[in-house]
Amino acid sequence: MVLSSQQMDPKIWSKLPEDVLEYLLSFLPLKTFLKLKSTCKHFKTLLFSPPFISKHSSPSPNSPDSSPFSSFFLLSHPQFPRQYPLFDTVHNNWRNLSLCVSPVLPSSSSVLLSSSNGLLCFSKSSSSSFVVTNVLARTSRVVKFPTLPFSFESLTLVCGSNNGYKLFVMSTFGSSRSQVFVYCSLVNSWSEFGGFDLVLNENHHQEGVFYDGCLWFITPEPYFVVGMNLDNGEWKRFNFELPSELTFARLVSDGDKKLYLISGNGSNGISRSMKLWELDGNSKIWVEVENVPELICRKFLSVCYHNYEHVYCFWHKGLICVCCYSWPEILYYKVARRTWHWLPKCPSLPDKWSCGFRWFSFVPELYAFV
């Protein structure tokens, strides 16, 4: 049989099922596809299609960090409704496209609250529920609030090693003492436990930190560290002293092996310096790792303007990120190189901006189950 050299009828492409088209286009070289995406809005969205991501998200043996989809800082801000700008932490630049959640969250009332292992958790007040979604796989699960009415703080999404996840959330409605609710995806149900009052108050921008099998928090002054076992709801307190002369303190964990502390140090509630500490697992004492360089420290403290309740931290693939709710940049520390850096401001951010900067670690994972 002799094949014709004529071009294929364009109508055939229009009749192909969407998943077949995505699969065929995923075989294009990355550079070719990036040129092609400017010709069609649909082609542009295919950058986040499951076949394309699965093909290009696996690092090569010669360059483990070569994947263009390996890790991002994701920015959530009221001036970017339903669009989430992405900063590529591998190539150290802002992406020209934002992550769009419209296919999985058609409602405009959703608010991004937490991220873990490629999953994002939103609240939808209009439907009294949370939504956990894998944007790449275009899958999502609606988790109804455990009770109504429901007022909550400190939601944290924790992904386990068994393809399941848990939602930790505190509620203070209708009680003088806070209550804790934990949702387990494996059994699709909520459990209710007693809360720990001092976890709340000024640290509402800081999520819990998973370390050594528990979710840990640092209380407002007087500072001490408390943790909750997500399986049985038991609270415990670390029996060791925190560094002295703290004006604020935030915890960061690399997932389960190391626990870090970011602190402001000074007197009378005014920070004069910032330090990074690491917990020695054997002696249970805080060991000073780095003193934030003076010029960097001055800038960060000036943008906070001593509103330390706006400060929050998170871990992202070897980086310790220190953020301010009212400032559009991230101060981050490269653990391996022991160096501090500033993330440049998002170029699409308007000249006049307001508070509301929430940063998240976003590491795409096609097969993260919701």
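Taking the six-membered ring for Trp and thresholds of 30 and 60 degrees, Phe168 and Phe217 have ring planes inclined between 30 and 60 degrees apart. Taking the six-membered ring where tryptophan is involved, the planes of Trp190 and Phe181 are perpendicular, since the angle between them exceeds 60° and thus also 30°. Aromatic ring pairs are classed by plane angle as parallel below 30°, tilted from 30° to 60° and perpendicular above 60°; the pair Phe122 and Tyr84 is perpendicular.
No donor-acceptor distance shorter than 3.5 angstrom exists from the side chain of Arg358 to the backbone of Leu112, with no hydrogens or angles considered. Of the possible polar contacts, one joining the Trp216 side chain to the Tyr211 backbone as a donor-acceptor pair under 3.5 Å is found. A distance-only check finds a donor-acceptor pair linking the side chain of Asp88 to the backbone of Val90 [under 3.5 Å]. Judged by distance alone, with hydrogens and angles left aside, the side-chain atoms of Asp280 form a donor-acceptor pair with the main-chain N or O of Ser283 at under 3.5 Å. Judged by distance alone, with hydrogens and angles left aside, the side-chain atoms of Thr247 form a donor-acceptor pair with the main-chain N or O of Gly264 at under 3.5 Å. At distances below 3.5 Å, not a single donor-acceptor pair connects side-chain atoms of Glu365 with backbone N or O atoms of Leu119.
A distance of 6.0 Å or more separates the ring centres of Tyr333 and Tyr260.
Remark: Arg337 pairs with no residue by the salt bridge (charged side-chain N to carboxylate O under 4.0 Å, His left out) rule, at least two apart or across chains. The side chain to side chain contact (heavy atoms under 4.5 Å, CB included) search around Leu242 returns Ile218, Tyr223, Val225, Leu246, Leu261, Trp286, not counting sequence neighbours. The salt bridge (charged side-chain N to carboxylate O under 4.0 Å, His left out) test applied to Glu294 returns Arg298, not counting sequence neighbours. Residues passing the ring pair (Phe, Tyr, Trp, His ring centres under 6.0 Å) test with Phe314, sequence neighbours excluded: none. Here Glu245 pairs with nothing under the salt bridge (charged side-chain N to carboxylate O under 4.0 Å, His left out) rule; sequence neighbours left out. Partners of Phe357 according to the ring pair (Phe, Tyr, Trp, His ring centres under 6.0 Å) rule, which considers only residues two or more places apart in sequence or in another chain, are His77, Trp353.
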Run the ring-ring contact (aromatic ring centres under 6.0 Å, His included) check on Phe240 and Phe238 step by step: do they pass?
CA-CA 6 Å; Phe240 54 80; Phe238 265 142; 4.5 Å; yes

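Residue Lys334 qualifies as enclosed at atom NZ: its count of foreign heavy atoms under 6.0 Å is above 12. In this structure, Glu288 places its CD atom where more than 12 heavy-atom neighbours from other residues, nucleotides or ligands lie under 6.0 Å away.
When hydrophobic clusters are built by joining Ile, Leu, Val, Met, Phe, Trp and Tyr residues whose side-chain heavy atoms come closer than 4.5 Å, directly or via intermediates, Tyr332 is grouped together with Trp342. Hydrophobic clustering, with ILVMFWY side chains joined whenever heavy atoms are under 4.5 angstrom apart, groups Leu155 together with Leu148. A chain of hydrophobic side-chain contacts below 4.5 Å, direct or via other Ile, Leu, Val, Met, Phe, Trp or Tyr residues, connects Phe145 to Val111.
The ring-ring contact (aromatic ring centres under 6.0 Å, His included) test with Phe87 singles out one residue from Trp94, Phe360, Phe362, and that residue is Trp94.
A cation-pi arrangement, defined by a distance under 6.0 Å to the six-membered ring centre and an angle within 45 degrees of its axis, is absent between Arg95 and Phe72.
Looking only at atom types and distance, the side chain of Ser271 has a donor-acceptor partner in the side chain of Tyr308 under 3.5 Å away.
Salt-bridge check for Asp231 with Lys166: passed, with a basic side-chain N closer than 4.0 Å to an acidic carboxylate O.
Under the 4.5 Å side-chain criterion, counting only non-hydrogen atoms from C-beta, Gln79 is in contact with Pro350.
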